[in-house]
Q: 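Quick one: the structure is below, and I'll ask about it shortly.
Computed from a predicted model, the values in this text were never measured in an experiment. Numbers here are sequence positions counted from 1.
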Amino acid sequence: MDGDQLTRMIAAEAFTYAFSGLIVGCGVGLLLNRFLWVNLLTRYFGAQWNIPVVLLVIVVVFCFAAAVAAVRSPAKRIRNMVITDTINEL
């Protein structure tokens with residue numbers, strides 16, 4: 001396995017975690033947000049709940065930025081190492 005293949009493997013793992021975390025986290029977060037909004041704001045003040053699209057976009061951008069950062073650092077370190085050190089590190 002060369003450096004590019006190893007980098008793609010790290011990227012696949014990081015983005016799989018990011019995507020699955022977004023699915024679960026946004027799903028649970030939206031349910032919790034709606035529950036709290038309805039029980040705390042709608043009941044007492046009449047404010048209607050809307051899907052917080054802007055906040056969801058911000059979360060998605062930060063999540064994928066974190067995934068990119070999680071790939072860059074190990075990939076850069078692995079490219080500077082000797083192959084036997086890389087294998088021993090894994």
Side-chain angles (χ1 to χ4, degrees):
M1 184 179 287
D2 64 356
D4 290 335
Q5 290 173 329
L6 197 55
T7 301
R8 284 195 302 264
M9 183 184 73
I10 294 169
E13 184 177 0
F15 283 100
T16 300
Y17 288 143
F19 185 71
S20 61
L22 277 173
I23 297 294
V24 173
C26 286
V28 172
L30 281 174
L31 291 174
L32 184 61
N33 180 284
R34 186 177 189 291
F35 174 76
L36 291 173
W37 186 280
V38 168
N39 286 330
L40 297 175
L41 294 174
T42 303
R43 179 180 294 172
Y44 299 110
F45 302 108
Q48 294 300 314
W49 181 79
N50 295 319
I51 296 176
V53 177
V54 174
L55 295 176
L56 288 175
V57 169
I58 291 170
V59 167
V60 169
V61 167
F62 273 102
C63 187
F64 282 112
V68 168
V71 172
R72 283 186 58 124
S73 178
K76 186 176 180 182
R77 190 177 71 228
I78 286 172
R79 288 175 195 254
N80 293 332
M81 293 174 68
V82 180
I83 190 66
T84 54
D85 293 337
T86 305
I87 292 171
N88 290 333
E89 184 83 18
L90 297 175

Q: Within a 6.0 Å radius of atom CG on Leu32, are there more than 12 heavy atoms belonging to other residues, nucleotides or ligands?
A: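 Yes.
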
Q: Provide the closest heavy-atom pair for Phe15 versus Val71 in the form atom of the first, atom of the second, distance.
A: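 Shortest heavy-atom separation between Phe15 and Val71 comes out as CE1-CG2, 4.4 Å.
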
Q: So if you build clusters from Ile, Leu, Val, Met, Phe, Trp, Tyr with side-chain heavy-atom gaps below 4.5 Å, do Val59 and Val68 land together?
A: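 Same cluster: Val59 reaches Val68 through Ile, Leu, Val, Met, Phe, Trp or Tyr contacts under 4.5 Å.
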
Q: Does the Ser20 side chain pair with the main chain of Tyr17, one donor and one acceptor, at a distance under 3.5 Å?
A: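 It does hold such a pair.
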
Q: If hydrophobic clusters are built from ILVMFWY residues whose side chains come within less than 4.5 Å, do Leu41 and Leu30 share one?
A: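 Yes: a chain of side-chain contacts under 4.5 Å links Leu41 to Leu30.
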
Q: Say you draw a straight line from CD of Gln5 to CE of Met9; how long is it, rounded to the nearest 0.5 Å?
A: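 Answer for the CD-CE pair, Gln5 versus Met9, is 10.0 Å.
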
Q: Test your reading of the model: is there a side-chain donor-acceptor pair from Asn33 to the backbone of Gly29, 3.5 Å cut-off?
A: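 Absent.
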
Q: Do Phe35 and Leu55 sit in one hydrophobic cluster, given that two such residues count as connected whenever their side-chain heavy atoms are within less than 4.5 Å of each other, even indirectly?
A: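 Result: no, two separate clusters.
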
Q: Is there a path of hydrophobic side-chain contacts, each under 4.5 Å between heavy atoms of I, L, V, M, F, W or Y residues, that connects Trp37 with Ile51?
A: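 Both belong to a single hydrophobic cluster.
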
Q: Assess the residue pair Thr42 and Gln48 against the criterion (side-chain contact (heavy atoms from CB on, under 4.5 Å)); give the C-alpha distance rounded to whole Å, side-chain angles, the decisive distance to 0.1 Å, and a yes or no.
A: CA-CA 6 Å; Thr42 303; Gln48 294 300 314; 4.1 Å; yes

Q: Minimum heavy-atom separation for Ala67 to Ala18, with atom names?
A: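 Residues Ala67 and Ala18, closest heavy atoms: CB-CB, 4.0 Å.
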
Q: Would a hydrophobic clustering, with Ile, Leu, Val, Met, Phe, Trp and Tyr connected at side-chain separations under 4.5 Å, put Leu56 with Val53?
A: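 Leu56 and Val53: one cluster.
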
Q: Can you find a heavy atom in the side chain of Leu40 that is under 4.5 Å from one in the side chain of Phe45?
A: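 A side-chain contact is absent here, since even the closest heavy-atom pair is not under 4.5 Å.
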
